[in-house]
Amino acid sequence: MTGGNKNEESEGFLYPSFIREQGNIYKPKNKVMDNDSLKEKDAFDVHTKEIDLVNRDRKHLNDDVVKVDFEDVIAEPDGTHSFDGIWKASFTTFTVTKYWCYRILTALVGIPLALIWGIYFAILSFIHIWAVVPCVKSYLIEIQCVSRVYSICIHTFCDPLFEAIGKVFSSVRISLSKEV
């Protein structure tokens, strides 16, 4: 926490007012939030962020799924080898075919699927934010009242019953003896 400086305004209160380093949310001190100094180059839009064209799987989502190379699919055991030229041509054919088929499929289907997935996740986010979380919060608030009533009922009716049963069985003594 970076606030809590005592000043004349907060005297007389139990706790001093909290002052943010960035400034008040209504009167910003920093230049990025200040309306007078806000320029187009300072503005940052999350929808036009720069993407990494080299490392396209930063979170390693597809490490186990699609890393299939020629050696993972076609392998010749010892003692059964084709001609070296055939092996090299097969490797090149496999690699180039896989590469270009993937590129052609992404060119044809990538943008429509990106649109569909964008719509799907937008709907999913909307439902989660505007329906699921409010319903869960509402349920938790309502169930709190029910849980208090239930707790009172249990303590009122069950506690005396279980105490009485406990007192009855507390005087029971069991002894074991062997008969010869």
Side-chain angles (χ1 to χ4, degrees), residues 1-7 9-22 24-25 46-47 49 51-52 54-82 87 90-91 94-95 97-99 101-102 105-106 109-110 112-180:
M1 228 159 93
T2 60
N5 298 336
K6 282 194 173 183
N7 55 19
E9 298 170 19
S10 65
E11 287 186 27
F13 293 108
L14 187 57
Y15 297 104
S17 62
F18 181 76
I19 300 171
R20 294 174 29 175
E21 285 182 2
Q22 294 89 3
N24 189 324
I25 58 172
V46 295
H47 304 295
K49 67 180 181 180
I51 60 172
D52 188 2
V54 176
N55 185 12
R56 296 184 185 189
D57 191 11
R58 290 184 302 129
K59 296 182 181 179
H60 305 286
L61 296 175
N62 298 310
D63 279 352
D64 301 333
V65 181
V66 294
K67 285 190 175 180
V68 179
D69 290 328
F70 179 75
E71 297 85 16
D72 299 327
V73 178
I74 300 172
E76 292 181 336
D78 290 337
T80 309
H81 286 236
S82 61
W87 186 254
S90 299
F91 172 80
F94 177 88
T95 307
T97 303
K98 185 181 103 172
Y99 177 77
C101 281
Y102 178 78
L105 284 172
T106 55
V109 186
L113 279 178
L115 177 70
I116 291 168
W117 285 115
I119 291 170
Y120 172 76
F121 282 109
I123 291 170
L124 192 64
S125 298
F126 176 81
I127 290 171
H128 184 78
I129 292 167
W130 291 97
V132 173
V133 172
C135 284
V136 168
K137 290 290 185 180
S138 172
Y139 174 76
L140 291 174
I141 290 169
E142 292 165 2
I143 201 70
Q144 186 177 12
C145 177
V146 172
S147 71
R148 285 183 181 168
V149 171
Y150 178 76
S151 176
I152 290 170
C153 289
I154 292 295
H155 289 302
T156 303
F157 298 113
C158 293
D159 285 356
L161 175 67
F162 292 137
E163 281 183 34
I165 292 172
K167 285 183 181 179
V168 167
F169 287 111
S170 68
S171 63
V172 174
R173 303 279 183 239
I174 298 176
S175 63
L176 294 173
S177 61
K178 272 188 174 179
E179 286 188 28
V180 181

S.K.: Atom CG of Leu113 and atom CH2 of Trp117: how far apart are they, to the nearest 0.5 Å?
M.R.: 8.0 Å

S.K.: Test your reading of the model: is there a side-chain donor-acceptor pair from Thr80 to the backbone of Glu76, 3.5 Å cut-off?
M.R.: no

S.K.: Return the minimal non-hydrogen interatomic distance between Glu71 and Ala75, and the atom names on each side.
M.R.: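 Nearest pair, atom of Glu71 first, then Ala75: O-CB, 4.3 Å.
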
S.K.: So, the side chain of Ser171 versus the backbone of Val168: is there a donor-acceptor pair under 3.5 Å, distance only?
M.R.: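 Yes; judged by distance alone, with no hydrogens or angles, the pair exists.
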
S.K.: For the SG atom of Cys135 and the CH2 atom of Trp130, what is their distance to the nearest 0.5 Å?
M.R.: 13.0 Å

S.K.: Determine the minimum heavy-atom distance between Val73 and Phe94, stating which atoms define it.
M.R.: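 Answer, listing the atom of Val73 first, then Phe94: CG2-CZ, 4.0 Å.
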
S.K.: Just wondering, do Ile74 and Trp87 contact through their side chains at under 4.5 Å, heavy atoms?
M.R.: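 Contact flag for Trp87/Ile74 side chains = yes.
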
S.K.: Measure the spacing between CD1 of Ile143 and OG of Ser138 and express it to the nearest 0.5 Å.
M.R.: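 So the gap between those two atoms works out to 10.5 Å.
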
S.K.: Roughly how far apart are Tyr150 OH and His155 NE2, rounded to 0.5 Å?
M.R.: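 If I round to the nearest 0.5 Å, the distance is 10.0 Å.
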
S.K.: Report the distance from atom CD1 of Ile152 to atom CZ of Phe157, rounding to the nearest 0.5 Å.
M.R.: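 The CZ atom of Phe157 is 11.0 Å from CD1 of Ile152, to the nearest 0.5 Å.
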
S.K.: Is the backbone N or O of Gln144 less than 3.5 Å from a side-chain atom of Ser147, with the two atoms forming a donor-acceptor pair by type?
M.R.: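 At least one qualifying donor-acceptor pair exists.
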
S.K.: Looking at Ser170 and Lys167, would you say the former's side chain and the latter's main chain have a donor-acceptor pair under 3.5 Å?
M.R.: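 Yes, the answer is positive, given that a donor and an acceptor are paired below the 3.5 Å cut-off.
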
S.K.: Once you round to the nearest 0.5 Å, how far does CZ of Phe70 lie from OG1 of Thr97?
M.R.: 11.0 Å

